[in-house]
2 protein chains.
Amino acid sequence: MTDTHAVGAGSAPAPTVFFLSDSTGITAETLGNTLLTQFPAHRLERRTIPFITTVEQARAVVHGINRVAASGTRPLVFSTTVNPEVRAVLAQSAGRFFDLFDAHIGQLEDALGTAASGAPGQAHGVGDAVRYQSRMAAVEYAIEHDDGQSLRALERAELILIAPSRCGKTPTTMYLALQHGILAANFPLVEEDFDTMSLPKPLLAFADKCFGLTSQPVRLSQIRQERRPGSNYASLQQCSFELRNAEDMYRANNIPYVNSATMSVEEISATVLQRMQLHH
Amino acid sequence: MTDTHAVGAGSAPAPTVFFLSDSTGITAETLGNTLLTQFPAHRLERRTIPFITTVEQARAVVHGINRVAASGTRPLVFSTTVNPEVRAVLAQSAGRFFDLFDAHIGQLEDALGTAASGAPGQAHGVGDAVRYQSRMAAVEYAIEHDDGQSLRALERAELILIAPSRCGKTPTTMYLALQHGILAANFPLVEEDFDTMSLPKPLLAFADKCFGLTSQPVRLSQIRQERRPGSNYASLQQCSFELRNAEDMYRANNIPYVNSATMSVEEISATVLQRMQLHH
């Protein structure tokens, strides 16, 4: 008997994971997935079911979970729903229920001396309208100022990411704009910029807003090969040259920088926020 | 005696909230902030301290928390750190400690029949390189295909968001690309598109990938006024006309759509993922 879904010898088939929410499901996914990274051997199928706000919807969800449970391993169910009736229904599924809301809310009520509002998940709604609008404006700003396309209103930038091509400037800028409402521009460093060790002219007045990215030559060359195979642009020699000069330029101008070669946009962003003290 | 920081009569000053992590801090912020939305009366100062990986760093963090504690209300401390020595140090601060990791990991070990790996937070690292690269490629694709700028490779799109100007197409597209790796284009509907009720020509072959956004005329007019005050573009009459016609077009072509007027990009995105069954 072979079961291709089995993980390792003798272990049970991997359970299906459900993320249940009365709102977007983002919190349930985030904490659930974080916990599951502690069990890397298990390749789990994951399903997010957002906007469960009524007992009828909850019953339909439970029906679906029970069907999965009947056909194999007991599912894992991560829930952040707030409404007590909805939660009571969801908790009765055949899955193993992790109530991410309930685990801490009593302790928080005690700490803050207030009862929880019981309102369904507002964490990823519009919430604070001013803060929300600043995030949306930051996305527009990031698109307008991507890759040095516009130098207009550069003085409004809170951050200018600089780096040779393909070190991660664009996705990091988008992440900082979308998640943190940071007004971020990004600006490419090209070979001509290394004729002197001073910053490119448009950035000279804004050195204190600049943060540099660098990478590993081999890694950068691989990434560039995907875009322009066999080009000088993608050659190891050219990548080494650009990265070495970019790092020299950062140091000469006291620009903080980080090697992004093995980092995710989330890790680069957290590093930039911390080093530039930009957290809103 | 007055304390401008006090919330409501007789309540204590709002505590400072710390989000502590051995990685980016995203999970601690996400769950911590979600829990705190249940206490909307409290305007709390929040500080994220990422990348706490050594006992020495943990001691420095505890020192900072204790200083805040000594000067006022007991801080709230949300932690997702995994390393037991680091956690032991952090748990000893004068703050009230919420261990978001510890609360569920034992139950998960039991469910999966495996011990937790104990590796520091990998949830927002590069992780699965293929999945990560697809997210980065999706960001590029979204920028290239923003606002109908490029029709190249539209057949590769998994989703085409369509709507009149300023209904939220661009930030939603960026969110879906960055967070979910969805290849998403977006395409503006303008007055000329409403001469007939058929989709704009470049989209005719891709109707099954289209999702529509609409809004409330008053809300849309307000948003457009900020961009072009006093213009016909921003007039209530023009906004009503475009939204009514867009909705008619969606219905005539069986395009699913949602009214985004009071929704966040996260809520719009969760709705699109669910309705289009796009979750990766």
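Reminder, nothing fancy here: chain letters follow the sequence lines and each chain counts from 1.
Chain A forms more heavy-atom pairs under 4.5 Å with one residue of B/S23, B/G118, B/P40, B/G25 than with any other, namely B/G118. By number of non-hydrogen pairs under 4.5 angstrom with chain A, the leading residue of B/V139, B/I223, B/L178, B/T80 is B/L178. Interface remark: of the candidates B/T271, B/T170, B/D146, B/T271 forms the most heavy-atom pairs closer than 4.5 Å to chain A. Of all the listed residues (A/A116, A/A270, A/A123, A/G127), the one sharing the greatest number of non-hydrogen pairs under 4.5 Å with chain B is A/A116. Comparing B/L36, B/L44, B/L112, B/T37 by how many heavy-atom pairs each has under 4.5 Å with chain A, the most go to B/L112. The choice from B/L76, B/L100, B/N33 that makes the most heavy-atom pairs within less than 4.5 Å of chain A is B/L100. Ranked by non-hydrogen atom pairs under 4.5 Å with chain B, the options A/S21, A/P171, A/A111 are led by A/A111.
Only the side chain of A/F51 comes within less than 4.5 Å of a heavy atom in chain B; its backbone stays farther off. With a 4.5 angstrom heavy-atom cutoff, B/E267 touches chain A via backbone and side-chain atoms both. Contacts between A/M174 and chain B at a heavy-atom distance below 4.5 Å involve backbone atoms as well as side-chain atoms. Interface remark: A/I143 contributes side-chain atoms only to the contact with chain B (heavy atom separation under 4.5 Å). Contact annotation for A/A115: only backbone heavy atoms (N, CA, C, O) come within less than 4.5 Å of a heavy atom of chain B. In this structure, the portion of B/Y132 lying under 4.5 Å from any heavy atom of chain A is its side chain and not its backbone. Proximity to chain B is absent for every atom of A/R74, based on heavy atoms less than 4.5 angstrom apart. With a threshold of 4.5 angstrom between heavy atoms, B/V82 approaches chain A through side-chain atoms but not through N, CA, C or O.
Taking the six-membered ring where the residue is Trp, A/F98 and A/F78 present parallel rings, their angle staying beneath 30° rather than reaching 60°.
We find that A/R135 and B/E266 are joined by a salt bridge, their nearest charged nitrogen and carboxylate oxygen being less than 4.0 Å apart. Salt bridge B/R166/B/E226: absent, no basic N to carboxylate O contact under 4.0 Å. A salt bridge is absent between B/E29 and B/R47: the closest approach of a Lys/Arg side-chain nitrogen to an acidic carboxylate oxygen does not fall below 4.0 angstrom.
A side-chain donor from one of B/T173 and B/N186 sits under 3.5 Å from a side-chain acceptor of the other. Using modelled atom types, one finds no donor on one side chain facing an acceptor on the other under 3.5 Å when comparing A/D99 with A/S79. A donor-acceptor contact under 3.5 angstrom links the side chains of A/T114 and B/H42, judged on distance only.
Heavy-atom proximity under 4.5 angstrom to chain A picks out B/F101, B/A103, B/H104, B/I105, B/Q107, B/L108, B/E109, B/D110 from residues 101-110 of chain B.
Take A/T262 and apply the side chain to side chain contact (heavy atoms under 4.5 Å, CB included) test, not counting sequence neighbours, and it matches A/Q216. Not counting sequence neighbours, the partners of A/T27 by the side chain to side chain donor-acceptor pair (under 3.5 Å) test are B/T34. Among residues two or more places apart in sequence or in another chain, the side chain to side chain donor-acceptor pair (under 3.5 Å) test is passed with B/Q122 by none.
The closest donor-acceptor contact from the side chain of A/S260 to the backbone of A/C167 lies under 3.5 Å.
Closest non-hydrogen pair, A/A177 versus A/A142, comes out as CB-CB, 4.0 Å.
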Open item on the list: Working note: B/V77 + B/I65, criterion side chain to side chain contact (heavy atoms under 4.5 Å, CB included); need CA distance, chi angles, decisive distance, verdict.
Closed with: CA-CA 9 Å; B/V77 179; B/I65 295 171; 4.0 Å; yes
